[in-house]
Amino acid sequence: MKNINAYKPYRAGSYPQFSSSENRCTHVAKNPKGKYIRQFQVDGGVFSKGKEPKRCDYLLLDDTDQRSYYIELKGSDVTAAIEQIESTISLIGSSLKNYKIYCRIVYRTATQRLYNSRLIKWKSKRNAIIKSNCLEETL
């Protein structure tokens, strides 16, 4: 367990946009209302890259509305992305007790079926969006 609040964000402030990129995949969070957002590079930042347990790539914290966005930018294995996000939630979620959880997976090519029942259940449980190449959303 880690207290995410004890770590320095990769970027923080009321910027109009926060971008996360890896594996030729991009997540863009638009912030037109100027909310205070903290962006953490989880894998390779908060946690050393390549070490166990698995975890997602980025975390965005909307401190204004108390929302947490767990972001995995994946080449192809969407199932592994779910495991990485769930692992990250279990590792740092206790330090964000009042934050609502949102999950985002951006993949380059999906090798498995994106409409299996396990995936559909997980998407609704975790307020998840799964999209290819680029996901843009307004916070």
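For clarity, every value in this text was computed on a predicted model and none was experimentally measured. What's counted below: heavy atoms across the whole structure, side chains too, no hydrogens, waters or symmetry copies.
Annotation: side chain to side chain donor-acceptor pair (under 3.5 Å) contacts involving residues 89-103, sequence neighbours excluded, comprise Asp63-Tyr99. For residues 34-59, no residue pair satisfies the ring-ring contact (aromatic ring centres under 6.0 Å, His included) rule, not counting sequence neighbours. Contacts classified as ring-ring contact (aromatic ring centres under 6.0 Å, His included) and involving residues 116-139 (residues at least two apart or in different chains) are not found. Pairs passing the side chain to side chain donor-acceptor pair (under 3.5 Å) check and including a residue from residues 124-135, sequence neighbours excluded, read Glu86-Arg126.
A 4.5 Å side-chain heavy-atom check between Gln41 and Val46 finds every atom pair outside the cut-off. Leu119 places a side-chain heavy atom less than 4.5 Å from the side chain of Ile130. Taking 4.5 Å as the limit, some side-chain heavy atom of Cys103 sits within range of a side-chain heavy atom of Ile89. Side-chain contact between Cys134 and Val106: absent, with no pair of heavy atoms (C-beta onward) separated by less than 4.5 Å.
Applying the salt bridge (Lys or Arg N to Asp or Glu O under 4.0 Å) test to Glu83 and every residue at least two apart in sequence or in another chain returns nothing. Shown here are the ring-ring contact (aromatic ring centres under 6.0 Å, His included) partners of Phe18, two or more places apart in sequence or in another chain: Tyr15. In terms of the side chain to side chain donor-acceptor pair (under 3.5 Å) criterion, residue partners of Thr26 (sequence neighbours excluded) are, by chain and number, Ser21. For Asp62, the salt bridge (Lys or Arg N to Asp or Glu O under 4.0 Å) partners are Lys35, not counting sequence neighbours. Considering only residues two or more places apart in sequence or on other chains, Ser20 meets the side chain to side chain donor-acceptor pair (under 3.5 Å) condition with Gln39. Here Lys8 pairs with nothing under the side chain to side chain contact (heavy atoms under 4.5 Å, CB included) rule; sequence neighbours left out. Listed by chain and residue number, nothing satisfies the side chain to side chain donor-acceptor pair (under 3.5 Å) test with Lys33 (two or more places apart in sequence, or in another chain). Every side chain to side chain contact (heavy atoms under 4.5 Å, CB included) that Ser19 has, sequence neighbours left out, goes to Gln17, Val28.
Side chain to side chain, His27 and Glu136 fail the donor-acceptor criterion of an N or O pair below 3.5 Å.
The number of heavy atoms from other shown groups lying within 6.0 Å of CZ (Arg11) is above 12. Counting non-hydrogen atoms of neighbouring residues, nucleotides and ligands closer than 6.0 angstrom, the NZ atom of Lys121 reaches no more than 12 such neighbours.
In this structure, CG on Asp57 lies 6.0 Å from CG on Asp43, to the nearest 0.5 angstrom. In this structure, Ile71 CD1 and Arg104 CZ are separated by 8.0 Å, a value rounded to the nearest 0.5 Å. Rounding to the nearest 0.5 Å places CD1 of Ile37 at 8.5 Å from CG of Leu61. Atom CD of residue Glu137 and atom CG of residue Leu139 lie 6.0 Å apart, to the nearest 0.5 angstrom. With rounding to the nearest 0.5 angstrom, the CD1 atom of Ile129 is 5.5 Å from the CG atom of Leu135. Rounding to the nearest 0.5 angstrom, the gap separating the CG atom in Leu73 from the CD1 atom in Ile105 is 10.0 Å.
The shortest non-hydrogen separation linking Ala29 to Leu60 is CB-CD1, 3.5 Å.
With hydrogens and angles disregarded, no donor-acceptor distance shorter than 3.5 Å links the side chain of Asp65 to the backbone of Arg67. Checking side-chain atoms of Gln84 against main-chain N and O of Cys56 turns up no donor-acceptor pair under 3.5 Å.
Neither Val78 nor Tyr69 shares a network with the other; the hydrophobic side chains, linked directly or stepwise wherever heavy atoms of I, L, V, M, F, W or Y lie under 4.5 Å apart, form separate groups for each. Leu91 and Tyr10 are not part of a single hydrophobic cluster, where members link through side-chain heavy atoms under 4.5 Å apart.
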